[in-house]
Visitor: 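Dropping a structure here in structure tokens format, bear with me for questions.
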Amino acid sequence: MGLLLAACGLAGVAAWQNTYALREEKVSLRHDGKLLEGVLARPAEGEGPFGLVVFVHGDGPVDATHETFYRPLWESFARAGYASLSFSKPGIGGSQGNWLDQSMSDRADETLAAVAWARNRPDVDGRRVGLWGASQAGWVLPKAAARDRRLHFVIAVSPAVNWLRQGRYNLLAELDRDGATSQERAAALRRRETTLRLLKRGASFDEYRTAVGDVGGMTAARWGFITKNHRSDATADLRAMRGTPLLLVLAGHDVNVDVGETEAVYRSLLPAASLSVAHYPGATHSLVDHDIERSDWRLTMTAVFAPRQLYAKGFPADQARFLKQLDSRTRARCSAPERR
């Protein structure tokens with residue numbers, strides 16, 4: 001009986017911790033002839049119109065909630081008076097298509113279609129719609145913002161600038177983290193050079209497999225995705241979006257992205273008045289607390305029983321504060337007397 005009560009108690013705690021102050025609505029959008037399914041998460045109270053954060057996923061087969069990983073962020077945005085909108089990637093959940101067929105330009109088109117869809121809703125304030133994106137979204141956000149100058153803001157979490165440089169940094173960082181020998185390091189770099197030569201000449205997956213032997217988790221579809229996108233570089237689009245308020249979020253334990261390069265490029269290309277930079281020294285690439293992420297046991301227990309504690313301290317609240325401050329500045333400008 002005692003074990004049963006304890007189990008019920010733990011189940012109750014898990015259910016309570018995974019209940020959020022949100023009103024979630026399943027939504028759908030037809031884009032490029034395909035149906036995308038997603039979630040609109042509005043604040044728990046009020047009819048709006050609310051500001052809106054449109055989520056742009058990183059790499060991989062991500063569903064609308066990112067397996068519930070987004071919900072703590074949605075709740076923090078709701079406290080700032082913002083709804084959140086997220087669609088499952090093509091081929092994931094109920095969304096049609098295949099995300100591996102997409103270029104970064106395709107992803108930007110899809111993002112802007114979501115923005116346009118949202119601006120037609122009466123519960124969304126079309127003047128306060130912006131983008132949130134992580135990792136691979138670093139090549140999508142500037143492209144979308146350069147094309148839609150009405151966007152209210154961009155929040156870029158752990159974005160890279162150049163696909164090829166990011167790949168090299170990631171390879172070397174992981175080798176260092178794993179304590180690779182000099183021979184293992186040299187072999188990995190040789191394999192990378194072979195891969196780059198094949199990509200440069202548009203080699204097929206069969207040619208890649210013949211050249212490298214063990215392809216690991218690489219598939220023909222993934223090879224096609226990399227072939228399509230490996231030249232991605234955000235600098236031109238960053239220049240073109242000058243003036244859009246942007247919060248750049250960087251982690252201290254990021255083995256995927258060279259955060260030093262990212263910050264230097266963003267500061268060199270964007271006006272200081274429009275750029276805010278937030279550093280989280282104890283965070284990993286996904287902005288999860290480093291001490292939690294490196295322990296599978298702690299990661300699982302935190303995800304189940306305290307999901308709001310997954311993220312680096314202050315990260316969700318700081319994003320909400322950024323939006324509140326942005327809205328305050330916008331209201332101040334609108335209410336300022338006209339100079340004659």
Side-chain angles (χ1 to χ4, degrees), residues 10 13-20 53 55-77 84 86 88-89 92 132-139 141 155-161 163 165-180 184-185 188 216-217 222 247-263 277-322:
L10 289 173
V13 170
W16 173 61
Q17 287 291 334
N18 286 274
T19 300
Y20 296 92
V53 184
F55 275 60
V56 183
H57 308 305
D59 194 13
V62 187
D63 73 296
T65 72
H66 204 337
E67 296 181 335
T68 78
F69 189 65
Y70 286 154
R71 284 193 171 109
L73 302 182
W74 294 352
E75 187 178 59
S76 69
F77 287 134
S84 297
S86 178
S88 296
K89 280 191 177 183
I92 307 302
W132 181 100
S135 193
Q136 190 183 95
W139 293 296
L141 300 171
I155 301 175
V157 179
S158 304
V161 173
W163 184 295
R165 290 200 302 273
Q166 178 265 345
R168 188 175 193 279
Y169 172 86
N170 175 227
L171 173 64
L172 294 176
E174 290 187 346
L175 289 169
D176 289 342
R177 179 197 63 193
D178 298 339
E184 290 170 333
R185 184 184 177 97
R222 180 68 182 180
L247 174 62
L248 176 62
V249 177
L250 301 172
H253 292 272
D254 198 331
V255 297
N256 295 74
V257 169
D258 183 345
V259 297
E261 181 200 37
T262 292
E263 181 173 2
V277 181
H279 289 273
Y280 298 90
T284 63
H285 178 67
S286 58
L287 268 292
V288 169
D289 181 271
H290 177 252
D291 291 336
I292 292 175
E293 186 171 293
R294 66 181 179 177
S295 166
D296 291 341
W297 180 85
R298 284 191 66 187
L299 184 62
T300 300
M301 295 298 289
T302 305
V304 173
F305 293 107
R308 294 172 182 83
Q309 305 305 314
L310 279 172
Y311 291 106
K313 185 177 180 180
F315 168 58
D318 290 346
Q319 295 181 108
R321 188 177 302 111
F322 167 76

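In this chain, numbering begins with 1 at the start of the sequence shown. Computed from a predicted model, the values in this text were never measured in an experiment.
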Visitor: Do side-chain atoms of Thr262 reach the backbone of Pro159 as a donor and acceptor pair under 3.5 angstrom?
Guide: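 Yes; judged by distance alone, with no hydrogens or angles, the pair exists.
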Visitor: Where the side chain of Ser86 meets the backbone of Ala64, is there a donor-acceptor pair that is under 3.5 Å apart?
Guide: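 Confirmed, Ser86 side chain pairs with Ala64 backbone.
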Visitor: Out of curiosity, Thr65 OG1 to Glu67 CD, how far, rounded to the nearest 0.5 Å?
Guide: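 With rounding to 0.5 Å, OG1 (Thr65) is 7.0 Å from CD (Glu67).
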Visitor: Taking only Lys NZ, Arg NE, NH1 and NH2, and the carboxylate oxygens of Asp or Glu, determine whether Arg294 and Asp289 approach each other closer than 4.0 Å.
Guide: no
Visitor: Closest heavy-atom contact between Ile292 and Arg298?
Guide: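 Minimum heavy-atom separation between Ile292 and Arg298: CG1-NH2, 3.6 Å.
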Visitor: Distance from Ile155 atom CD1 to Leu141 atom CG, nearest 0.5 Å?
Guide: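 Spacing of CD1 (Ile155) from CG (Leu141) equals 10.0 Å.
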Visitor: Less than 4.5 Å apart, side chain to side chain, heavy atoms only: is that true for Ser135 and His285?
Guide: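 Heavy-atom side-chain distance check passes, below 4.5 Å.
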Visitor: Do you see a donor-acceptor pair shorter than 3.5 Å between the side chains of Ser76 and Gln319?
Guide: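 No donor-acceptor contact under 3.5 Å links the two side chains.
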Visitor: Is a donor on one side and an acceptor on the other found under 3.5 Å between the side chain of Trp132 and the backbone of Val56?
Guide: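 No, the answer is negative, given that no donor and acceptor are paired below the 3.5 Å cut-off.
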Visitor: Checking Lys89 side chain against Gly60 main chain: does a donor-acceptor pair fall under 3.5 Å?
Guide: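 Yes; at least one donor-acceptor contact below 3.5 Å.
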Visitor: Is the backbone of Val255 close enough, under 3.5 Å, to the side chain of Asn170 for a donor and an acceptor to pair up by distance?
Guide: yes
Visitor: Checking Asp59 against Arg222 for the salt bridge (Lys or Arg N to Asp or Glu O under 4.0 Å) test, could you report, in this order, the C-alpha distance in whole Å, the side-chain angles of both residues, the deciding distance, and whether it holds?
Guide: CA-CA 11 Å; Asp59 194 13; Arg222 180 68 182 180; 2.5 Å; yes
Visitor: Which atom pair, heavy atoms only, marks the closest approach of Ser286 to Glu293?
Guide: OG-OE1, 3.1 Å
Visitor: In Å, rounded to the nearest 0.5 Å, how long is the span from CG of Asp63 to NE2 of His66?
Guide: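 One gets 8.0 Å once the value is rounded to the nearest 0.5 Å.
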Visitor: Is there side-chain contact between Ser84 and Tyr70, with at least one heavy-atom pair below 4.5 Å?
Guide: no
Visitor: Check the side chains of His279 and Glu263 for a donor-acceptor pair under 3.5 angstrom, ignoring hydrogens and angles.
Guide: yes
Visitor: Are any non-hydrogen side-chain atoms of Tyr20 and Arg308 less than 4.5 angstrom apart?
Guide: yes
Visitor: Quick check against the 3.5 Å criterion: does Ser158 have a side-chain atom that pairs as donor or acceptor with the backbone of Ala134?
Guide: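 Side chain of Ser158 to backbone of Ala134, a donor-acceptor pair under 3.5 Å: no, none is there.
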Visitor: Which class fits the ring pair Phe315 and Tyr311: parallel under 30°, tilted 30 to 60°, perpendicular over 60°?
Guide: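 The arrangement is tilted - the two ring planes meet at 30° to 60°.
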Visitor: What do you reckon, are the aromatic ring centroids of Tyr280 and His290 less than 6.0 Å apart?
Guide: no
Visitor: Check the pair Tyr169 / Glu174 against side-chain contact (heavy atoms from CB on, under 4.5 Å), numbers first and verdict last.
Guide: CA-CA 9 Å; Tyr169 172 86; Glu174 290 187 346; over 6 Å; no
Visitor: If you count heavy atoms of other groups shown closer than 6.0 angstrom to CZ of Arg165, is the number above 12?
Guide: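 Buried by this count: over 12 neighbours within 6.0 Å.
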Visitor: Hey, could you give me the CG/CZ distance between Asp258 and Arg168, rounded to the nearest 0.5 Å?
Guide: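 Interatomic distance, Asp258 CG to Arg168 CZ, rounded to 0.5 Å: 11.0 Å.
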Visitor: Using only atom types and a distance under 3.5 Å, with no angle test, would you say the side chain of Thr302 pairs donor to acceptor with the backbone of Leu310?
Guide: no
Visitor: Ion pair present between Arg185 and Asp176, side-chain N to carboxylate O less than 4.0 angstrom?
Guide: yes
Visitor: Is there side-chain contact between Gln166 and Trp139, with heavy atoms separated by less than 4.5 Å?
Guide: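 The answer is yes, as the side chains (C-beta and beyond) meet within the 4.5 Å cut-off.
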Visitor: Work out which heavy atom in Asp254 is nearest to a heavy atom in Asn256; give both atom names and the distance.
Guide: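 Answer, listing the atom of Asp254 first, then Asn256: OD1-N, 2.8 Å.
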Visitor: Could you tell me if the ring centre of Phe69 sits under 6.0 Å from that of Trp74?
Guide: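 Ring centres of Trp74 and Phe69 not closer than 6.0 Å.
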Visitor: State, to 0.1 Å, how close Ala320 and Phe77 come at their nearest heavy-atom pair, and which atoms those are.
Guide: N-CE2, 4.4 Å
